[in-house]
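Below: the structure, in structure tokens.
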Protein chains: 2
Amino acid sequence: MIKNAPQALYRRAKDFVQDQLRAGVWKAGDMIPSEHRLVEELGMSRMTINRALRELTEEGHLVRISGVGTFVAESKPQSNLLRITNIGDEIVARGHQYSCKVLHLGREVASMPVAAALSLPTGASVFHVICVHSEEGIPVQLEDRYVNPEMIPDFLQQDFGANLQPAMYLLQVLRPDEMEHIVEASHPSSDESKYLQIDINEPCLVLMRRTWNQSKIVTYVRLIHPSSRYRLGSRLPVNGAHRDN
Amino acid sequence: MIKNAPQALYRRAKDFVQDQLRAGVWKAGDMIPSEHRLVEELGMSRMTINRALRELTEEGHLVRISGVGTFVAESKPQSNLLRITNIGDEIVARGHQYSCKVLHLGREVASMPVAAALSLPTGASVFHVICVHSEEGIPVQLEDRYVNPEMIPDFLQQDFGANLQPAMYLLQVLRPDEMEHIVEASHPSSDESKYLQIDINEPCLVLMRRTWNQSKIVTYVRLIHPSSRYRLGSRLPVNGAHRDN
DNA sequence: AAGTGGTCTAGACCACTCG
DNA sequence: GAGTGGTCTAGACCACTTC
């Protein structure tokens, strides 16, 4: 589990800082040692330390105030809307403990809305998995996923968990060539609030995603996030190529 | 031709490169001059040029191959979600009646979070507009926008309404070259629930958008949508090439 | 005045690719 | 071997905040 030998020094400096964050040595709001002090402690030049801290700031882990100091950010995790990301990877990348618990896995007859979402005839047989993703033991995402058996016949035979999430498995066996995202806000159902351990009145961010391969739908998933624990975001260049409409 | 020069040299190097890209001097797939050559042309040190090119690479404008060269990235597809849309156009396109009512328009001293969002010093003077967008007389979006006066000095002199929304005006006078979207779910504040004519307990989809022009922030806006009346969506091809971390 | 981050320089060594 | 990017150093000057 312990991986050493990041070759780049600035990488090791970043890892060092993230280790302190992960270990809770430096907590949200704390001021961390100055660049000068880190130069002494780690034996690197200030430019190298500066690059490490600058990148951690861009990634949202730190907040720097010129003339004052560097502080641990109050983290409200944010993931990229454009990419198909594994929430597990995101959490691990933040240096946090990740877990995934499968609540349901089986084959069932598609209800009308599910069949419609997958563009299958009503009554078609589909795979269905429900799991909860947790960060540091706190549920951050409820995944309610339907899979087209025609595309992924071996889906049920997998041993899903923190090391093999459904999303990860699907990406590995069948890379999608198109996807659709729909985002909305809603309150959780009573089941959902129970699984996520939140109040029935807490607003949730719901991301519905469908992915295609060769013009056929691979999977349809609803990802439900408590608003207090999750955000979606993206930053990207604007193409000059579109006026309006 | 004459531009207010950004103070930081690496910024000017970035602007120089982006100017070449915008002007079409360097096109997608082209190899651009090496660091060494840019050092000579711009009269900066290699570290400075390197930082500029590294950041442009992280932002997706360039692709660098060690030992080979630096190339202009192929432009990325863009989704509806990530496109800057006018809600008025959307509503009109649906064949519905659209209206926009300005609730507030003026200049004020930026609070700390607003100053931070705009990357301005605390206490800076900013423009602030609040308006409600309605479809068939029903409010569907509350727009709470801050504008950088340095970028858009004539903002307050405009006569905003259904025929000239703030978003439309901004797009017309200063096309952004970069943007950031963050989406979250929340309950409306009491003021917001009043303006939107919804219950204080109705979940809302909140889209926060910042746009950049020439590496400076033009505007920061919070768009609040009652979940029962609005969704965001996108469908787009998947790029094969994704980097991690 | 002392401390902080923001930036910049003019070198340097390395691994890599290409002809 | 020449060219490229990737990284690193040991200084430096500046603007800013805090005491």
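Here is how names work: the chains are called A, B, and so on, in the same order as the sequence lines, proteins then strands, and each is numbered from 1.
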* Asked: Please give, in whole Å, the distance from C:dA10 P to B:Glu40 CD?
  -> 13 Å
Below 3.5 Å between N/O atoms, which protein atoms pair up with nucleotides 11-14 of chain C? Just atom names and distances, please.
from, atom 1, to, atom 2, distance (Å)
C:dA12, N6, B:Arg46, NH1, 3.1

* To do: Measure the acute angle between the ring planes of B:Tyr169 and B:Phe155, then classify it against the limits of 30° and 60° as parallel, tilted or perpendicular.
  => tilted
* Asked: With nearest nucleotides of DNA chain C determined for B:Thr48 and A:His36 from heavy-atom distances, which residue corresponds to the more 5′ nucleotide?
  -> A:His36
* Are B:Thr211 and B:Glu178 close enough that a side-chain donor and a side-chain acceptor fall under 3.5 Å? -> no
* Ionic contact status for B:Glu150 with B:Lys216, cut-off 4.0 Å -> yes
* Can the positive tip of B:Arg107 be found less than 6.0 Å from the middle of the six-membered ring of B:Phe127, inside 45° of the ring normal? -> no
* Between C:dT4, C:dT7, C:dT9, spot the one nearest the side chain of B:Arg51, thanks. => C:dT7
* Asked: D:dT4 P sits how many Å from B:Asn50 CG, rounded?
  -> 14 Å
* **Gap between atoms CE and P, on A:Met31 and D:dT17 respectively (whole Å)** => 14 Å
* Roughly, in whole Å, what's the span from CD1 in A:Ile49 to C1' in C:dT4? -> 15 Å
* **SB check A:Arg12 A:Asp15 (cutoff 4.0 Å)** => no
* Asked: If you find the nucleotide of DNA chain D closest to A:Ser45 and the one closest to B:Pro33, which residue's nucleotide is nearer the 5' end?
  -> B:Pro33
* According to a 3.5 Å limit on both distances, what stems of 3 or more consecutive Watson-Crick or G-U pairs are formed with DNA chain D? -> C:1-18 with D:1-18
* Contact under 4.0 Å: A:Ser66 side-chain N or O vs C:dT4 OP1/OP2 -> no
* Between C:dT7 atom P and A:Glu35 atom CD, what is the distance in whole Å? -> 10 Å
* Asked: Are B:Leu62 and B:Phe71 close enough that some pair of their side-chain heavy atoms sits under 4.5 Å apart?
  -> no
* Asked: Is there a donor in the side chain of B:Thr219 and an acceptor in the side chain of B:Arg145, or the other way round, less than 3.5 Å apart?
  -> yes
* **Short side-chain N/O contact from A:Thr70 to OP1 or OP2 of C:dG5, under 4.0 Å** => yes
* Asked: Hey, which of these two, B:Arg54 or B:Arg37, hits DNA chain D nearer its 5' end, going by closest nucleotide?
  -> B:Arg37
* **Cationic N near anionic O, under 4.0 Å, B:Lys14 to B:Glu55** => yes
* Could you tell me the separation between the OH atom of A:Tyr10 and the P atom of D:dG6, rounded to a whole number of Å? => 9 Å
* Tell me: CZ of B:Arg64 to C1' of D:dG3, nearest whole Å? -> 13 Å
* To do: For B:Arg222, enumerate each residue passing the side-chain hydrogen bond (donor to acceptor under 3.5 Å, both in side chains) test, keeping only those at least two apart in sequence or located in another chain.
  => B:Glu192
* To the nearest Å, how far apart are A:Leu53 CG and C:dG6 P? -> 9 Å
